[in-house]
Amino acid sequence: MSSPSTFFSCIAVPDGVKLCANCLNYSWTQLTNLMQCSRCKFINYCSAECQQEHWVKVHKRHCKYLAQVKVMPQSKHDPVFCLGCKVVRETGPVEMTKPDNPVLGCLFPPQKVGVPVLFQPDFDGEGGKEAPLPVQLGEMAGTFLTKAEHTVSIMTQILYKMVMTDHLTWTICPEECDAMMKMLIGLRHAVWHAYIFANSGHVLDKAIVGKFTCSPGFLLKINTITDTIDEKLAVARFSDNSAFKLWDTFKLFLHILIQFCTEPMRKEAETVGLPDVFDDVKRVTSAQFNNMWQQLLDSTGFWLVPYITLVEIVCGGQLEQICAACSKKITVSELLISAGDYKNTGVSSYLLGHIGAACCGHPRCFKKVSDDAREIVAVYMKISSENRANQCDFCGLPSTGKVHRCGKCLTKLYCGIQCRNDDWEKVHKIVCREEEVERKKKGGKQERNEVGRNVLSEVIETFVSEDHKLDEGQKEAVANIFRS
């Protein structure tokens, strides 16, 4: 079975493995004999050319902070200036413990300055390395570099809120909640590591997805733990009738992150072009998903909003919907965020996924909309996999027409003339050379197509497997999409 990095079409940034940061961005075969950046000694390179290119595109923004030559403004938690700490002080400690109080609070200790650090694991017995955060701390700056990091921050805040208010989820499942807390901290560090390795834009998104889904796979582990907690809460007959519904809100943001892990494939498939077969399905586009995600983040800062407000945002601002399967008019009150939620028969819900579909609550209707969503994801995977070797080395997206390969060094592919020229002016004219090492050279059209076929075979093996617990009809439907 293929690794998650193949399944999610991502750039994996493995922990505990010494890698050339630049080779990682371009999927070049890695060498073992690497050199460090002489100033920060935190980033490794295989050659002067790789160091120069990564410096221009990424490392020059971070090096002086990693080397502790300078301190990145707002990279430390200072309770005097922290926006979250200010809200907590204004609210008061007693009021913070009340379940109906919407203030989330601050993640960091309120009485002292906190200094987040990046950690590089032990390489060949050399010992681990620590370095200060080379980016602003979102909680201090008021803005985050990515929606993924902001979402992890909010999820961590929600868990802290559960502790403060003695929420039944934490009371019944303290070990599981504590494990999720530690994993969320791990995800936050994973995002920070992606920042210092990857180019910006689509390439950075894929790097974050790689960190989220590859070993140790914290995001998928959190998802598994939530299923365990749901089972325990069901045994306890827990029903959250509060306005904020902390546990449901936590799961909503978790599912957004899980959706984000397939976002690179959706964007790549949309770039290449989707078949007309899904014209009758209310597909959620990449732009729609990101707009909805940003609205959810904007609505949840240091304060909770009623859960139904979040549901309304997901529904596009309209709770009055029509069931996508039976056309029954319904008023949405819940979100379907996992395959098991269809058991809540009779509850009018909205599927938070790759299609914008309301469901009246009948299992047959849920099966219809979930099958449509699964088949759309299969199309994304197919198109993204087939074009894996044709992705642009500047913007990260696949070519929609002719692939332009640098005729001198043969190490770079471009989706068009504009990206080729932009990369040339930015840095490629400095590092491009004839007779480049073979491990960096990109293959011709026939070889790239073969890579795409091989990647697709791995994806089929992963997706249509026993692990996904699909019935035979569902497996056949997905297999037909992959074969088409």
Side chains of [X] and [Y] only: does a donor on one sit below 3.5 Å from an acceptor on the other?
| X | Y | value |
| --- | --- | --- |
| H59 | Q51 | no |
| H167 | T165 | no |
| E263 | N290 | yes |
| E139 | S153 | yes |
| T411 | W28 | no |

Test: [X] and [Y] ion pair at under 4.0 Å:
| X | Y | answer |
| --- | --- | --- |
| K267 | D205 | no |
| E425 | K429 | yes |
| E270 | R283 | yes |
| K412 | E436 | no |

Are any of the side-chain heavy atoms of [X] and [Y] separated by less than 4.5 Å?
| X | Y | value |
| --- | --- | --- |
| L168 | W247 | no |
| E53 | Y26 | yes |
| H428 | D393 | no |
| T151 | F144 | no |
| L187 | I222 | yes |
| Q391 | P264 | no |
| V58 | I196 | no |

Open item on the list: Could you check whether atom NZ of K76 has more than 12 heavy atoms from other residues, nucleotides or ligands sitting under 6.0 Å from it?
Closed with: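 Count not over threshold, so no.
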Task: Atom CD of E175: over 12 foreign heavy atoms under 6.0 Å - done: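 No - once you tally the heavy atoms of other residues, nucleotides and ligands closer than 6.0 Å, there are 12 at most.
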Heavy-atom closest contact ([X] atom, [Y] atom, distance):
| X | Y | result |
| --- | --- | --- |
| C63 | R39 | SG-NE, 3.4 Å |
| M96 | K161 | O-NZ, 3.4 Å |
| G396 | E268 | O-OE2, 4.3 Å |
| V152 | T156 | O-OG1, 2.8 Å |
| V284 | F289 | CG1-N, 3.8 Å |
| V332 | C315 | CG1-SG, 3.8 Å |

- [ ] Under the side-chain contact (heavy atoms from CB on, under 4.5 Å) rule, what do S27 and R388 come out as? Steps first, then yes or no, please.
- [x] CA-CA 11 Å; S27 302; R388 184 71 54 83; over 6 Å; no
TODO: Apply side-chain contact (heavy atoms from CB on, under 4.5 Å) to the pair W424 and C432, showing each step before the final yes or no.
DONE: CA-CA 9 Å; W424 180 261; C432 183; 4.0 Å; yes
- [ ] Any chance you could lay out the side-chain contact (heavy atoms from CB on, under 4.5 Å) test for E176 and K232, step after step, and finish with the verdict?
- [x] CA-CA 11 Å; E176 291 87 347; K232 292 187 177 182; 2.5 Å; yes
Open item on the list: Between H354 and Y380, is the ring centroid distance below 6.0 Å?
Closed with: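 They qualify: ring centres under 6.0 Å apart.
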Task: R89 (side chain) donor-acceptor with P79 (main chain) under 3.5 angstrom - done: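 Here the side-chain-to-backbone pair exists.
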- [ ] Check the pair L319, I308 against side-chain contact (heavy atoms from CB on, under 4.5 Å), reporting the backbone distance first and the verdict last.
- [x] CA-CA 9 Å; L319 294 176; I308 194 65; 4.0 Å; yes
Open item on the list: Can you tell me how the ring of F260 sits relative to the ring of W293, calling it parallel under 30°, perpendicular over 60° and tilted otherwise?
Closed with: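 Plane angle between 30° and 60°, so tilted.
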